[in-house]
Structure formats: C-alpha cells, structure tokens
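One structure is given below, encoded as structure tokens.
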Amino acid sequence: MAEQRLRAHFVADPIELPDGRRVRVSAYPDGSIRFSVDGLPYVLTEAYLSGNPETDKAIVKLSPGRQGSAAAYNYVEELAKRNHA
C-alpha cells in the first residue's frame, strides 16, 4: 500500500523576498518541517542538521543555481536572461 502523505498541522503565511520569490514553511504532526521556495533551480549549499538539540539549531541554506555548478554565477546568468526576455 502506498504511504499516505501527512497533512500539515501548521502552515505559515508566505514570506515574500525582495526579488518577488516566496518562501513557505509547513510543520507536520511527526515533527518534520517542509520549506517550499519559488524560483527554481536551487542547490543545497549548507546544512547543519545534527548536534545537541538543547543548544544547537538546524540550518539549511539553498542557493539559486543549477546542480553541479557555481550557484551564484548561474543565478546572475538566469536573472540576465529573464531581464532580456
């Protein structure tokens, strides 16, 4: 049987970034958290997910770009394409 998708028990209002992209955060009953970001593609460039839960915080950093390449360069390139289109 296929695993049923958990329904979020909390969904924060979207955060609009200065360039118009939106970030959404959802929390689930099993303790998981989901981040949804407009404006693909992104590359995971930083993640601190383990440590002492009493003193540490989880950090996830996504950078715009294409997988396997310099994220910042690709983002600037993509913006230039959008501006000329």
Side-chain angles (χ1 to χ4, degrees):
M1 181 188 297
E3 186 176 327
Q4 285 189 336
R5 189 170 174 182
L6 278 176
R7 291 190 64 156
H9 70 259
F10 174 78
V11 179
D13 290 336
I15 300 167
E16 186 162 340
L17 302 175
D19 63 3
R21 292 176 296 148
R22 295 176 148 240
V23 178
R24 294 166 201 80
V25 179
S26 304
Y28 295 86
D30 67 355
S32 61
I33 301 168
R34 181 177 191 224
F35 300 93
S36 173
V37 186
D38 296 343
L40 296 176
Y42 284 95
V43 177
L44 179 63
T45 55
E46 182 179 34
Y48 298 100
L49 302 174
S50 62
N52 180 343
E54 299 295 321
T55 59
D56 294 343
K57 298 176 183 176
I59 298 171
V60 176
K61 181 179 179 183
L62 300 175
S63 297
R66 292 181 185 87
Q67 186 173 3
S69 61
Y73 173 77
N74 285 329
Y75 182 62
V76 171
E77 185 180 73
E78 189 64 32
L79 282 179
K81 286 180 190 175
R82 288 181 194 171
N83 290 334
H84 288 103

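For reference, positions follow the sequence shown, starting with 1. Given the structure is predicted, the values throughout are model-derived calculations rather than measurements.
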message: Any heavy-atom pair between the side chains of Leu62 and Thr45 that's under 4.5 Å?
response: no
query: Transitively linked via ILVMFWY side-chain contacts under 4.5 Å: Tyr42 with Ile33?
result: no
message: Would you say Val11 ends up clustered with Val25 if hydrophobic residues are merged whenever their side chains have heavy atoms under 4.5 Å apart, either directly or through other cluster members?
response: no
message: On a heavy-atom basis, which atom in Pro29 and which in Arg7 lie closest, and how many Å separate them?
response: CD-O, 3.4 Å
statement: What one should report as the nearest heavy-atom pair of Tyr28 and Arg34 is OH-CD, 3.4 Å
task: Count the heavy atoms of every other residue, nucleotide or ligand shown that sit under 6.0 Å from CG of Asp30, and state whether that count exceeds 12.
output: yes
- prompt: Who else is in the cluster with Tyr48 when I, L, V, M, F, W and Y are joined by side-chain contacts under 4.5 Å?
  reply: Ile59
- request: Mind checking the CZ-CG spacing from Arg24 to Asp13? Nearest 0.5 Å is all I need.
  value: 11.0 Å
